[in-house]
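So the structure is just underneath, and the comments pick up after that.
Every chain is numbered from 1 and lettered A, B, ... according to where its sequence line falls, protein lines coming before strand lines.
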Protein chains: 2
Amino acid sequence: MRTLKLVVQYDGTDYVGWQRQPNGTSIQELIERAIEPIEGRQVTVVGAGRTDAGVHALGQVASVQLESSIDPAALARALNATLPEDVRVASVEEAATDFNARFSATGKVYAYRIWTGPFLPPFERRYFWHVPASLDVDRMREAGRALVGTHDFSAFRAAGSDATTSARTIRELQVEFEAERVIVTIAGDGFLRYMVRAIVGTLVEVGQGRRPVEGVAATLASRDRSQAGPTAPAKGLVLVRVKY
Amino acid sequence: MRTLKLVVQYDGTDYVGWQRQPNGTSIQELIERAIEPIEGRQVTVVGAGRTDAGVHALGQVASVQLESSIDPAALARALNATLPEDVRVASVEEAATDFNARFSATGKVYAYRIWTGPFLPPFERRYFWHVPASLDVDRMREAGRALVGTHDFSAFRAAGSDATTSARTIRELQVEFEAERVIVTIAGDGFLRYMVRAIVGTLVEVGQGRRPVEGVAATLASRDRSQAGPTAPAKGLVLVRVKY
């Protein structure tokens with residue numbers, strides 16, 4: 001048995017998310033189904049991050065154990081020949097036998113994309129949250145600083161989430177803007193469900209002046225989801241990179 | 001009666017093209033239908049360029065004559081509230097009463113986008129032609145120079161096209177590349193049907209070394225469509241700007 005590491009890109013718009021589930025098509029299922037005729041048996045593909053329905057990936061990482069001796073580059077080509085165009089295998093490489101895309105990961109980088117102009121261009125409609133308002137990026141940056149470090153992020157997690165601990169570490173939080181785009185990039189060792197989207201929903205309220213900059217530290221300390229802003233829509237979120 | 005000038009952007013993937021036709025939904029029809037409840041009667045919207053099925057626009061221009069006294073910015077907002085997300089009105093302004101988006105146009109700029117990397121990223125899949133090959137951009141540029149100027153472009157027109165004259169003027173033809181993208185930009189006073197796509201299909205063969213650089217001038221002079229390369233797919237083509 002060999003272990004392969006796949007880097008996967010996808011437009012999540014038309015999928016139920018990374019993880020296999022009964023209510024629709026997942027990215028995991030598509031990749032497993034594409035590998036199975038090559039391997040000649042059922043396989044399980046492990047993803048680094050369980051992106052939710054509608055969330056995109058530029059650098060999702062997946063691992064799979066295969067008996068097939070197919071060349072990694074040939075596997076990438078074969079998968080791209082059968083996968084739908086909104087899911088692409090960017091690369092395949094040999095990995096250590098015990099490599100596991102999920103458990104070996106040491107960090108992830110997400111980007112959240114916001115379009116602030118009066119209308120959302122058609123070409124960006126699937127990849128940006130449209131917030132037609134002027135956002136004060138300096139206020140967003142300042143508020144974001146309170147979130148960097150190791151904290152209990154209960155105030156920014158999905159309601160009813162079942163993760164056993166809600167302590168996570170954010171290594172870096174950047175807010176950049178260029179013309180009508182505001183991009184929030186968050187690097188961390190791991191994320192609770194909806195955590196990035198709840199942070200972005202909160203920072204946008206700060207940027208609009210509807211929430212005080214200094215209030216974000218108090219919201220974090222409250223561990224109370226109802227204190228934070230709304231969960232930003234899935235379509236603005238992209239899993240950019242997984243670190244090992 | 002007043003005349004309004006609209007700048008329209010669209011992702012043409014799911015449409016039969018700009019012009020109204022019985023076999024599917026056109027951009028023209030969508031915009032007319034969106035204006036009619038505001039104007040209270042049927043209207044005709046004139047587009048500068050009849051983009052074909054699957055072709056996109058960043059700067060299509062349309063004109064319409066209205067009795068309504070609605071403010072231009074309010075009209076843009078109202079249209080964007082009812083149009084589908086893949087069609088956006090970027091701006092509306094008052095124009096001279098005799099302004100006609102089609103007949104007043106003095107030139108158009110099209111861009112054709114080619115992706116040369118081994119796989120087409122999911123986010124670009126609707127907007128690039130995937131040519132997974134190394135393209136010699138210098139050869140493409142040199143070949144393109146033969147096309148600049150006023151010529152009979154019969155060799156680069158749609159088979160069975162019924163334009164009365166096939167003389168057109170290309171003002172500028174640029175081939176740029178950045179990482180895995182090659183963008184061919186063509187500015188001219190007007191274009192025959194499929195002309196840009198036939199030119200791009202030909203230049204790609206030159207870039208791949210499958211057609212001699214100097215052959216393009218002879219192809220142009222032949223006025224014979226069968227001498228030129230294939231018609232590049234619609235999805236790589238964008239109407240960037242219309243000049244008045």
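Within the 4.5 angstrom heavy-atom criterion, atoms from both the backbone and the side chain of A/Asp11 approach chain B. For A/Ala90, the parts lying under 4.5 angstrom from a heavy atom of chain B are both the backbone and the side chain. When heavy atoms are compared at a cutoff of 4.5 Å, B/Asn80 approaches chain A solely by way of its side chain, counted from C-beta outward. In this structure, the portion of A/Arg126 lying under 4.5 Å from any heavy atom of chain B is its side chain and not its backbone.
Checked against the 6.0 Å centroid threshold, B/Phe123 and A/Tyr127 count as a close aromatic pair. A distance of 6.0 Å or more separates the ring centres of A/Tyr15 and A/Tyr10.
Between A/Glu124 and the options A/Lys235, A/Arg113, A/Arg181, a salt bridge (Lys or Arg N to Asp or Glu O under 4.0 Å) holds for only A/Arg181.
Residues A/Val182 and A/Met140 approach most closely at CG1-CE, 4.2 Å, considering heavy atoms. Scanning both residues, A/Ala95 and A/Lys5, for their nearest heavy atoms gives CB-CB, 4.1 Å.
No other option in A/Arg88, A/His56, A/Arg77, A/His130 has as many heavy-atom pairs under 4.5 Å with chain B as A/Arg88.
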